[in-house]
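Counting starts at 1 for both ligands and their atoms, following the listed order. Predicted, not measured: the structure shown is a model, and the values here were computed from it.
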Amino acid sequence: MAASFGVSKGSTSFQAIQEERREQAERSVLISCPAKINEKKFLDELSKHGTINKHFFYSSYGTYAVVEFSSRESIASLKESTNIPAVQHESAVPFKSRLLSLKQTGSGSHPIPNFQEQSPPSINDLNKLLSEQDSIDEQLQCLTKALQLTEENISLRFLVCSLLRDIAGAYFPECIIRPFGSTVNSFGKLGCDLDMFLDLDGIYASNQKTQGSGLSLEYQVKRGASERVVTQSILSVIGECVDKFGPGCVGVQKILQARCPLVRFAHQPSGFQCDLTANNRVAMKSSELLFLYGTLDPRVRQLVFSVRCWARVHAITSSIPGAWITNFSLTVMVLFFLQQRSPPILPTLDQLMGLAGPSDNCVIEGNDCTIVSDLSKITMQSNTDTLLKLLQEFFEYYGNFPFKKSSINIRKGKEEIKPEASALYIQNPFEITLNISKNVNATQLERFVVLCRESAWLLQQGEVLNRSSNQTADSVPAWGFAALLLPSVTSGAGVKSRRKRKLEPASSRIKNLLDSLKIKGADTAAKKGST
Ligand code: CTP
Ligand code: MG
């Protein structure tokens with residue numbers, strides 16, 4: 001029985017966890033296998049090259065195995081005994097990657113291995129799971145468990161980064177391709193994209209000693225007009241190599257004119273949609289910050305997963321870029337909300353900076369990105385709010401937030417006057433002159449606010465919390481959180497729904513309630529303005 005995937009208990013700091021996973025990925029291979037693979041024979045064959053630490057199978061346009069050896073030498077040995085295929089009518093690019101295919105002659109009868117799931121459950125399965133829980137708090141806990149990335153999925157993500165590194169490493173042997181965003185920030189959902197950046201910092205580390213001879217050597221280099229131009233040309237060449245040489249990489253698009261130039265493609269064997277950027281250290285730091293917040297209290301991730309799921313189901317967020325609120329913005333909104341609780345559930349970013357030791361100092365491109373890495377220095381306040389209370393108050397808070405005049409600032413942990421007229425202003429945690437939700441237009445913000453008010457209202461009614469009274473047509477009782485996922489009555493999304501029909505007689509009550517919420521919101525804003 002192979003050991004389970006994941007990092008060892010000793011690794012607690014964010015950086016240590018990332019390093020451990022990266023090193024594991026470098027000792028791993030991805031193998032396309034016949035559907036009826038004989039697991040025992042497969043492991044016996046591969047073990048000829050060295051000890052296998054861990055392995056797992058999954059299915060995605062075919063059967064694949066991830067195999068982690070205990071030593072990198074095993075990879076070299078395995079590659080020695082692997083052939084470039086002879087292809088008929090076409091010609092092969094003879095690039096020897098760690099994405100391999102296993103051929104099996106004769107199948108025989110043997111048990112089929114266990115496949116690890118790499119996709120999130122369908123909305124129907126999720127509803128069923130939710131309906132089986134005993135309380136809304138349990139629902140939000142089990143939703144997080146069902147949607148979060150598995151250890152195996154994270155390993156596969158690091159392996160894809162490592163496979164791409166082998167391509168980029170042909171030009172820049174010291175480079176590292178690091179995942180950031182939801183792969184590492186503890187808020188990733190199965191199926192989320194794979195954000196990566198090309199880290200070239202290792203190139204600048206020099207071993208040159210001051211020799212006292214007055215002589216030193218420099219590389220002759222090609223120059224570009226600016227750092228941006230150099231980044232664009234590096235990404236362009238690597239994008240070209242990924243397209244032409246990278247097995248399994250399809251639909252490569254170079255989006256070099258974006259604020260943050262990137263190469264986008266699909267990695268078919270893993271099923272990941274990939275975005276490769278360069279020099280994205282600040283985004284890596286904000287991933288670390290989110291990870292830290294996610295670690296401090298289990299309710300943080302549970303609330304974020306639930307709000308993100310709710311937003312996706314109601315098309316508040318989308319997988320297509322546009323004027324909608326993003327998952328990143330929503331996450332920061334939840335963190336900000338949790339800083340506003342009494343007592344606060346989360347510290348402000350300024351407080352995290354205040355606790356940092358000298359070794360935590362970090363300035364990236366002129367931005368002070370210092371945060372404490374030793375979590376034991378953070379004293380948590382004793383807030384015992386239930387998830388139900390937090391969810392309800394989240395909806396009430398944002399259903400009434402004075403978006404017109406205020407911005408959201410997790411650094412200070414309080415509302416500030418908006419510095420410019422974007423519909424939604426959320427200060428970037430580290431690049432403080434940037435708004436992470438600049439893309440959001442007034443219509444999309446309004447849809448979010450209306451849905452928040454509707455969900456707040458549904459929870460206030462208490463009826464949705466009653467397990468037996470909310471029966472949908474297909475007989476899955478949609479109660480508690482599942483009831484909030486039913487199509488909206490007020491968002492104007494144009495969906496004629498079961499709920500719409502069911503609740504239509506109450507629509508005047510909803511209107512009254514929404515009006516009252518609006519008035520309550522104006523009150524709160526006025527009170528805040530006067531203090
Ligand atoms: N990011 C940022 N500013 C933005 C958008 C993104 O700093 N306006 C950074 C954040 O660190 C974010 C990362 O880029 O986590 C990746 O962005 P994105 O893929 O949009 O968000 P994820 O957090 O990865 O969430 P998702 O699951 O939707 O991919
Ligand atoms: Mg992402």
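- Here the heavy atom of the protein found nearest to atom 9 (C) of ligand 1 is A283 CB, 4.0 Å.
- Interface atoms of ligand 1 facing C192, defined by a heavy-atom separation under 4.0 Å, are 27 (O).
- Remark: minimum distance from atom 15 (O) of ligand 1 to any protein heavy atom is reached at G181 CA, 3.4 Å.
- Neither the backbone nor the side chain of F187 comes within contact range of ligand 1; no heavy atom lies under 4.0 Å.
- Given atom 28 (O) of ligand 1, the protein heavy atom at minimum distance is N327 ND2, 2.9 Å.
- Residue E227 places its CD atom among 12 or fewer non-hydrogen atoms of other residues, nucleotides or ligands, all under 6.0 Å distant.
- In the vicinity of R308, heavy-atom distances shorter than 4.0 Å reach the ligand 1 atoms 25 (O), 26 (P), 27 (O).
- In this structure, a donor-acceptor pair under 3.5 Å is present between the side chains of S437 and N435.
- With 3.5 Å as the limit, one finds a donor-acceptor pair spanning the side chains of Q444 and R447.
- Shortest distance from the Mg ion (ligand 2) to D195 is reached at OD2 (N/O/S atoms only).
- The protein heavy-atom contact nearest to atom 29 (O) of ligand 1 is D193 OD1, 2.8 Å.
- For the residue pair Q273/D193, the side-chain donor-acceptor check at 3.5 Å is not satisfied.
- Residue S306 forms a side chain to side chain contact (heavy atoms under 4.5 Å, CB included) with just one option from L147, L485, L390, L143, and that option is L143.
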Exercise for review: With side chain to side chain contact (heavy atoms under 4.5 Å, CB included) as the test, would you mind laying out the steps for K414 and N409 before giving the verdict?
Suggested key: CA-CA 6 Å; K414 60 179 204 288; N409 182 329; over 6 Å; no
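- With respect to atom 11 (O) of ligand 1, the closest heavy atom belonging to the protein is S286 OG, 2.9 Å.
- Evaluated by nearest non-hydrogen atom to atom 19 (O) of ligand 1, the leading choice among I436, D195, N185, L194 is D195.
- For the pair R341 and E393, the salt-bridge criterion is met [side-chain N within less than 4.0 Å of a carboxylate O].
- Close contacts of ligand 1 with F180, meaning ligand atoms under 4.0 Å from a residue heavy atom, involve 13 (C), 14 (O), 16 (C).
- Closer than 4.0 Å to atom 24 (O) of ligand 1 lies at least one heavy atom of the protein.
- Residue contact annotation: D193 places an N/O/S atom under 2.8 Å from the Mg ion (ligand 2).
- Every atom of ligand 1 with a heavy atom of S182 under 4.0 Å away is listed here by number and element: 22 (P), 23 (O), 24 (O), 25 (O), 26 (P), 27 (O), 29 (O).
- For atom 21 (O) of ligand 1, the closest non-hydrogen atom of the protein is F328 CB, 4.1 Å.
- Heavy-atom distances between G188 and ligand 1 stay at or above 4.0 Å for every pair.
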**Study point:** Worked check of salt bridge (Lys or Arg N to Asp or Glu O under 4.0 Å) between K54 and E152
**Key:** CA-CA 10 Å; K54 304 159 193 167; E152 288 80 6; over 6 Å; no
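- Aromatic ring orientation, F403 versus F401: tilted (interplanar angle from 30° to 60°).
- Residues Q139 and W479 form a side-chain contact, since some pair of their non-hydrogen atoms from C-beta on lies under 4.5 Å apart.
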